[in-house]
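In what follows, every chain begins at residue 1, and chains take the letters A, B, ... in the order their sequences are listed. These values consider heavy atoms only, across backbone and side chains, with no hydrogens, waters or symmetry-generated copies.
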Amino acid sequence: MKPRVAKGTRDFSAAEVAKRHYVMSILRETFEIFGYSPLETPSFENIETLMGKYGEEGDRLIFKILRSGDFLRHASNPTEPKASEIADKALRYDLTVPFARYVVQNAGQLALPFKRYQMQPVWRADNPQKGRFREFYQCDADVVGSKSLWQEVELVHLYHQAFSTLRLPVTIRLNNRKVLAGIAEVSGVGDRLVDFTVALDKLDKIGREGVVAELEAKGFTAEEIRHLEPSMQPFASSLDSLAFLRSWLASSSVGMQGVEELEFVLSHVGEVSTVVDITLARGLNYYTGCIMEVTANEVAMGSVGGGGRYDDLTGIFGLRDVSGVGISFGLDRIILCLEDLKRLPAALTAGPRALMFHLSEEDGAAAYQLTAQLRKQGLHIEFYPEPAKVKKQFDYALKREIPYVLFYGGAEQAEGLVQIKNITTGDQESVPVDQVAARIATL
RNA sequence: GUGGUUGUAGCUCAGUUGGUUAGAGCGCCUGAUUGUGGUUCAGGAGGUCGUGGGUUCGAGACCCAUCUUCCACCCCA
């Protein structure tokens with residue numbers, strides 16, 4: 001059989017790991033600057049912790065783990081066993097539900113508001129396609145236990161600061177679930193909010209006709225669609241959108257509340273580049289207030305982040321009235337953007353600085369000894385294991401992009417000198433053995 | 001889950017209406033060149049043609065199944 005990674009998964013080479021670490025270290029630093037603490041949860045949970053939390057589609061996409069041993073012993077019909085009978089654990093599907101589980105499980109001990117960030121892989125049994133995998137990292141920051149809209153303001157600033165540090169200019173699009181509910185209410189389709197928002201969310205992708213067609217297909221009447229149509233118009237600015245919503249949604253208390261929340265956030269984010277976009281919907285299963293999505297300004301990549309407020313997340317685990325709000329960074333897409341724009345630092349790889357040549361059997365021991373000494377001085381150096389042809393050792397250094405090669409054979413050993421050669425320029429110099437590490441550090 | 005698509009050497013790919021022993025470029029190994037490379041030249045290794053069935057005198061090619069790749073839908077990051 002041919003060795004290959006499982007469907008929808010990836011290996012990360014040294015160069016790719018370096019890029020991921022670079023972005024993640026900036027995210028980690030930013031999270032901690034804003035007062036978020038790290039949390040890690042297990043890669044799998046009890047299956048009932050996850051099932052039913054992501055809607056009917058979600059359950060299908062959860063990776064279920066077979067019971068150990070004779071997994072069929074609990075099946076009522078062994079020839080056609082039910083998933084719930086033969087699987088008792090499941091792989092983490094996102095970071096938010098395990099976080100909610102953690103909060104409820106430790107409700108007594110946590111100081112509220114509780115702010116945590118989490119960067120771990122999640123798994124989905126989805127069909128892979130462009131930019132979509134069955135194993136991928138989520139980088140989330142959430143705060144629970146505070147209804148204050150200052151949290152939303154803070155998260156906008158967190159987004160801004162993280163992307164500024166990454167040198168990736170972005171626009172943060174804002175909306176509020178209550179505004180969407182208000183629109184549905186004043187249009188007389190309050191009972192079909194999800195169908196409406198799922199269609200509206202596609203406006204930028206399939207256009208106005210496309211949205212209307214989808215609404216028709218979902219059973220909306222012509223009159224209902226006519227009522228909803230103002231939501232599909234373009235607005236010149238955030239202020240225009242809000243002014244329009246103010247008059248349109250005047251009869252809906254929930255709608256007006258949404259408008260006021262948006263106004264509050266908008267008035268406190270300062271210079272940060274935000275725009276109100278009432279077609280923005282996002283994950284409808286639990287968001288209840290503000291929702292936000294981040295897009296890169298200079299490259300068409302879809303969203304590089306998103307989040308929102310969920311008033312009842314811990315409710316699914318029996319803890320009522322704990323409001324949460326959180327954001328997520330799309331690690332893979334951020335890296336793709338930075339690659340496109342050539343904004344990744346040039347020297348990310350952490351390979352060795354030097355390669356000690358192994359020139360002959362007799363000289364090997366002394367060369368290795370010097371290598372060990374240089375390592376104690378902190379030099380990242382590799383010792384070529386065989387006394388191979390010099391050409392071969394050069395080729396190896398080139399391929400591994402090791403910048404300096406060291407010659408320490410019989411002649412050098414007699415004089416107590418080391419030849420340091422720059423592999424790209426070809427420059428070569430002799431340096432006393434006790435100065436080698438210091439010399440390479442200055443090169 | 002639905003529809004389409006892909007799979008031939010380590011990599012990128014040729015391979016005629018089904019017909020001897022399946023090719024190229026790059027890479028790899030050896031030598032020219034016993035401690036100063038990237039070039040050049042000569043030689044060499046490497047393939048159960050994704051897998052399993054089937055059609056046929058004969059299958060890399062045709063049919064079925066399955067896995068995989070990529071794309072779209074659903075949904076989502």
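- Using a 4.0 Å heavy-atom distance criterion, A:G131 is classed as a base contact.
- Distance from the side chain of A:N127 is smallest to B:rU2 among B:rA77, B:rU2, B:rC74.
- On the C1' atoms, B:rG43 is 16 Å away from B:rU33, given to the nearest whole Å.
- Distance check on atom P: B:rA45 versus B:rU8 gives 23 Å, rounded to whole Å.
- Contact annotation: side chain of A:R132 to base of B:rC71, donor-acceptor pair absent below 3.5 Å.
- A salt bridge (charged side-chain N to carboxylate O under 4.0 Å, His left out) with A:D395 holds for exactly one of A:K391, A:K399, A:K392; it is A:K391.
- Between B:rC49 and B:rC11, the two P atoms lie 16 Å apart (nearest whole Å).
- The P atoms of B:rC75 and B:rC13 are separated by 34 Å, rounded to the nearest whole Å.
- The residue A:G8 sits close only to the backbone: its heavy atoms come under 4.0 Å of sugar-phosphate atoms, none of a base.
- In this structure, OH of A:Y137 is placed 24 Å from P of B:rC76, rounded to the nearest angstrom.
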Show, in sequence, the C-alpha distance, side-chain angles and deciding distance for A:F31 and A:M119, and conclude whether the side chain to side chain contact (heavy atoms under 4.5 Å, CB included) test is met.
CA-CA 11 Å; A:F31 290 148; A:M119 298 192 278; 4.3 Å; yes
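- Remark: P of B:rG1 and CD1 of A:I62 are 15 Å apart, rounded to the nearest angstrom.
- Counting to the nearest Å, the P atom of B:rC75 and the CH2 atom of A:W123 are 26 Å from each other.
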Treating primed atoms plus P, OP1 and OP2 as sugar-phosphate and everything else as base, which nucleotides of nucleotides 28-40 of chain B get B, S or - for protein heavy atoms under 4.0 Å?
SS-S---BBBB--
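- For A:S231, the side chain to side chain contact (heavy atoms under 4.5 Å, CB included) test picks out A:I183, A:F196, A:L200, A:W248, A:I278, with sequence neighbours left out.
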For residues 323-338 of chain A, which side-chain donor-acceptor pairs fall under 3.5 Å, sequence neighbours excluded?
{"residue": "A:S323", "atom": "OG", "partner": "A:R309", "partner atom": "NH1", "Å": "2.6"}
{"residue": "A:S323", "atom": "OG", "partner": "A:D311", "partner atom": "OD1", "Å": "2.8"}
{"residue": "A:S328", "atom": "OG", "partner": "A:D140", "partner atom": "OD1", "Å": "2.8"}
{"residue": "A:D332", "atom": "OD1", "partner": "A:R10", "partner atom": "NH1", "Å": "2.9"}
{"residue": "A:D332", "atom": "OD1", "partner": "A:R20", "partner atom": "NH1", "Å": "3.0"}
{"residue": "A:D332", "atom": "OD2", "partner": "A:R10", "partner atom": "NH2", "Å": "3.3"}
{"residue": "A:R333", "atom": "NH1", "partner": "A:S303", "partner atom": "O", "Å": "2.9"}

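- Closest to the side chain of A:K7, out of B:rC71, B:rA77, B:rU68, is B:rU68.
- Base-pairing analysis of RNA chain B finds the following stems of at least three consecutive Watson-Crick or G-U pairs, with both pairing distances under 3.5 Å: B:1-4 with B:70-73, B:10-13 with B:23-26, B:28-32 with B:40-44, B:50-54 with B:62-66.
- Checked against side chain to side chain contact (heavy atoms under 4.5 Å, CB included), A:P121 has the following partners two or more places apart in sequence or in another chain: A:R92, A:W123, A:E135, A:Y137.
- Residues satisfying the side chain to side chain contact (heavy atoms under 4.5 Å, CB included) test with A:I225, not counting sequence neighbours, are A:V212, A:L215, A:E216, A:F220, A:E229.
- No engagement by A:D332 is indicated, since no non-hydrogen atom pair under 4.0 Å with the nucleic acid exists.
- Counting to the nearest Å, the C1' atom of B:rC70 and the CZ atom of A:F133 are 11 Å from each other.
- Side-chain N or O atoms of A:R177 include one that pairs as donor or acceptor with a backbone N or O of A:Y287 at under 3.5 Å.
- Between B:rG60 and B:rU69, the distance separating the two P atoms is 25 Å to the nearest Å.
- Salt bridge status for A:K342 with A:E339: absent, with no side-chain N to carboxylate O gap under 4.0 Å.
- Between A:K421 and A:D427 there is no salt bridge, since none of the side-chain N atoms of the basic residue sits less than 4.0 Å from a carboxylate O of the acidic one.
- Considering CG of A:L203 and CG of A:L280, their distance stands at 11.5 Å, rounded to 0.5 Å.
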